[in-house]
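Notes for the one structure printed next.
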There are 2 protein chains.
Amino acid sequence: MKLEILTKNENQEIQNGIISKIRDLINYKNLEPGDKLPSERMLSEKFEVSRTNVREAIQKLEFYGLLKSKPQSGTFIADIGQVAMNGMIEDILRLEDSDFKSLVETRILLELKTVRLAAQRRTEEDLIQMKEALDAYSVKVENGEDAMQEDLLFHLAIAKASGNSTMNTFMLIITPEIITKFEEHHVCDKGLAFMGIQEHQDIFDAIKNQNPQEAKAKMKVHFKALYQYCYNI
Amino acid sequence: MKLEILTKNENQEIQNGIISKIRDLINYKNLEPGDKLPSERMLSEKFEVSRTNVREAIQKLEFYGLLKSKPQSGTFIADIGQVAMNGMIEDILRLEDSDFKSLVETRILLELKTVRLAAQRRTEEDLIQMKEALDAYSVKVENGEDAMQEDLLFHLAIAKASGNSTMNTFMLIITPEIITKFEEHHVCDKGLAFMGIQEHQDIFDAIKNQNPQEAKAKMKVHFKALYQYCYNI
DNA sequence: CCAACGAAACTGGTTAACCAGATTGGTTTG
DNA sequence: CAAACCAATCTGGTTAACCAGTTTCGTTGG
């Protein structure tokens, strides 16, 4: 068999190709929710790709909740209906990578909500963890060191305290991208860092006092510079 | 070698075990951003697990942006710093599955934003696609059929029109879960579906007229029943 | 004639062998 | 002595063979 080394991009393209072929198969064979997909071996033969590629494509669709693999049994179509299946696959195929503006916009949206929820729902344990992150940030800044990591860990602690597992997951997904993009764009600034200590403290106090409005207001202040930067790209 | 069939849950546990061992290794060996991780073979031997398990764990950390694999070269630690790395891995290990309330809460938050952005940024092409989804929904409802899929596809069309790729992705992630959970909880209701036609039309008109405030207000109306349901679980 | 049984085929998951590009360290050459 | 080179080695990626439940369907016994 001919062998080639593919770049990540090319690999993604053939994966998307498999996904669209799976969609066509579902439509053509009129497979309904709960039905079994042809076996991985059969698909790899029919599509003329390796079984590994088929497995990766299936795993991607499984991640989005469209398929469900059962060991020693088969891969099954989720109970979301044919129309939704087609629409979702279409969207997944057209999905593009997140740009910086989208990331920041989403982060601000999420955090203005998580901070309110945290003020309502935080436990004593949450407070302890936020305080730890807060102190770690202060120490770094006062030593004149870069504290972006500690900064974001404080924000992640808030997300955890929000008690909303979905938003917590989403914050985890975007945080590393935010960090790397920040470093690329040189968003961090020593002067802002010192202001950040007080701003973090204000947010923490509002959460501790279980005051959602105050917490959101203080977070808005904290995001002011970032907000303007985001909309001036 | 001894072989056992593991449930998905057990499999996830050993994967989390590998992830925490990788974290320990990074700390113990004092690996810094950009450094190369030991090879997959070495890790599988040291941790006494299969190389496949190691690869899966690495892929998971790669999904969260903490590692980066380069073909024929090695796996490298992302440029996010040791502190952030530790905190993130800790959070990922403790991450729990999304509950229904979190999902709905997040959906409402996202959609109240995407609908505003869509009103600001929608293109003519976006309008056409939203109109298609809208009509498909109306037809189904007027025929007395279940139209939850068409309902959600209309909302996904709005997310696409928002021009924010991150929020679009997040909507795609939660939608299938929402559908299945809705069916479990029997949230859908024929009476509400007829009201939904007008509500969808109102949202569409506001987006078409590029009126963000109106769009958000109409979306809030549309979510009213869902909102109450969510907070009464 | 039908239900109960069982072996063979089929399933997704797992393992081990293999591929070719990247890396490395010692040798050679200017 | 330094730079260029080359082969041995190491890397993540890929393939094929294997594992053990699950399913299927023909057979058998009542």
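In what follows, chains are A, B, ... by sequence order, proteins preceding strands, each numbered from 1. Values below: all heavy atoms of this structure, side chains included; hydrogens, waters and symmetry mates excluded. Keep in mind that this is a model prediction, so the values were computed, not measured.
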**Request:** Check whether any side-chain nitrogen or oxygen of B/Thr75 sits under 4.0 Å from OP1 or OP2 of D/dT11, and answer yes or no.
**Result:** no

**Asked** Between A/Phe154 and A/Tyr137, does the ring centroid distance fall short of 6.0 Å?
**Response** no

**Item:** Nearest-angstrom distance from the residue atom CD1 of B/Ile14 to P of C/dT14
**Value:** 8 Å

**Asked** Checking all strands, does B/Ser39 fall into the base, sugar-phosphate, or nothing category for heavy-atom contacts under 4.0 angstrom?
**Response** sugar-phosphate

**Message:** Does B/Thr52 reach a base, just sugar-phosphate, or nothing at all? Heavy atoms under 4.0 Å.
**Reply:** base

**Complete:** Result for 5'-nearest mapping on DNA chain C, choosing between B/Arg41 and B/Ser50, is B/Ser50

**Request:** Quickly work out the B/Glu45 CD to D/dC10 C1' distance and round it to whole Å.
**Result:** 14 Å

**Item:** Per B/Asn53 side chain, nearest of listed nucleotides C/dT15, D/dG12, D/dT22
**Value:** C/dT15

**Prompt:** Does any donor-acceptor pair link the side chain of A/Arg55 with the base of C/dG12 at a separation under 3.5 Å?
**Reply:** no

**Upstream residue (5' side of DNA chain D) when A/Arg51 and A/Phe76 are each assigned their closest nucleotide** = A/Arg51

**Asked** Do other residues, nucleotides or ligands put more than 12 heavy atoms under 6.0 Å from B/Gln59 CD?
**Response** yes

**Request:** Could you check how far CD of A/Gln72 sits from P of D/dA20, rounded to whole Å?
**Result:** 10 Å

**Asked** To the side chain of B/Ser73, which of D/dT11, D/dT14, C/dA22 is closest?
**Response** C/dA22

**Plane angle bin for A/His200 and A/His222 - parallel if under 30°, tilted between 30 and 60°, otherwise perpendicular** = perpendicular

**Prompt:** Should the pair B/Phe182 and B/Phe100 be assigned to parallel (<30°), tilted (30 to 60°) or perpendicular (>60°) ring geometry?
**Reply:** perpendicular

